[in-house]
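Working notes for the structure below.
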Amino acid sequence: MLRLVRALFGLAVLVGLGVLLWFATRPPPLIVQGEVSANRVDISPRVSGRIAKLNADVGDNVESGSIIAELESPQLVAGLQMAKAALAVAEADLVRVNSTRPETIAARKAELAAATADVTLYQEDFDRQAKLIATGASSQSRVDETTRNLEAAIRKRESAEANLALAIAGASKEEKALAATQVERTRSSLNQQQVDIAELTIRAPISGQVTTRVAELGENFSAGAPLFSLIDLQNPWFTFNLREDLLKGLKIGDSFDVTVPAMNNARIPVKVTTINAQGQYATWRATRATGDFDLRTFEVRANPVNPMPGLRPGMSAIASWPRAEH
């Protein structure tokens with residue numbers, strides 16, 4: 001019995017030594033380091049102007065759509081007034097082209113009435129001379145004269161009728177179309193001026209925190225010059241750069257834990273959202289004498305599974321990673 005106990009004890013010692021040896025010879029887990037990243041937006045004006053008001057400073061949290069600065073531009077204001085005046089002129093011209101003054105129509109009607117009366121008068125004279133020439137009481141020259149007078153009166157009446165129709169119809173369809181096009185062009189110019197004026201009010205495109213403010217009161221800025229920088233602290237993510245042999249089948253949707261030293265080594269579960277190959281500059285070059293191969297570097301982006309207040313871009317993130325098997 002004592003011999004059996006000694007044998008079991010010896011076996012247990014051997015197993016314990018084997019386990020200790022296995023742990024002692026096992027390589028420690030690979031520690032990879034990444035960092036916290038977040039969307040950054042640089043805010044620039046679309047039009048040139050002078051800073052008239054600042055409503056945000058570095059460190060301020062702003063909501064999407066809130067006014068963070070206001071610019072002023074006398075040139076744009078003057079251009080807006082000119083565009084309004086041009087539109088008023090174009091609209092007045094369109095009304096003029098599409099209408100005729102009542103006095104003009106009345107005058108054309110009077111001219112037609114006078115021409116009609118002349119036709120009636122010369123028609124009666126022509127009829128009378130025709131009867132007289134039949135009895136020999138009038139000469140042929142007199143008949144010819146009344147005929148010419150009647151023809152001239154008829155032509156004059158036709159001209160008066162045409163002038164009246166023209167006065168009632170107004171301008172031609174081409175002139176009306178041109179006037180309407182001019183109105184649309186000036187209205188478009190006015191709309192553009194109004195859009196430019198609205199762009200003098202600078203609004204936050206996203207909710208975030210102001211990290212940079214270049215704008216100063218009274219300073220002139222051209223279109224496209226940066227005024228502010230915002231970061232979106234509500235949606236941070238972690239970025240790791242891993243050699244391709246360390247990916248070990250990692251795919252979108254996989255989860256692992258990271259430790260953030262700046263947050264008292266808090267362990268944060270994350271889920272992989274992006275795996276992108278880096279450029280050739282990030283290739284690990286092999287030593288040809290050993291028979292190894294070049295290895296690309298991949299960017300692995302992972303989002304926190306749960307919201308984690310306090311994460312800021314630039315914070316380090318630590319993750320234990322399985323070593324590559326060779």
N-O pairing of Lys53 and Glu72 below 4.0 Å: no
NZ/NE/NH1/NH2 to OD/OE distance under 4.0 Å, Arg213 and Asp60: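 Result for this pair is no, no salt bridge flagged.
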Interatomic distance, Gln209 atom CD to Leu230 atom CG [nearest 0.5 angstrom]: 9.5 Å
Contact check, side chains of [X] and [Y], non-hydrogen atoms, under 4.5 Å:
X	Y	answer
Phe221	Leu227	yes
Lys156	Asp118	yes
Val258	Phe240	yes
Asn39	Asn235	no
Val47	Leu76	yes
Asn191	Gln194	yes

Partner residues of Arg157 under the salt bridge (charged side-chain N to carboxylate O under 4.0 Å, His left out) criterion, sequence neighbours left out: none
Ile68 vs Arg203, side-chain contact (heavy atoms from CB on, under 4.5 Å): CA-CA, chis, key distance, verdict: CA-CA 6 Å; Ile68 58 177; Arg203 299 179 181 273; over 6 Å; no
Greater than 12 external heavy atoms within 6.0 Å of Arg185's CZ: no
Residue Glu184 excluded, over 12 heavy atoms near CD under 6.0 Å: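 Yes, because the 6.0 Å sphere around CD of Glu184 holds more than 12 heavy atoms from other groups.
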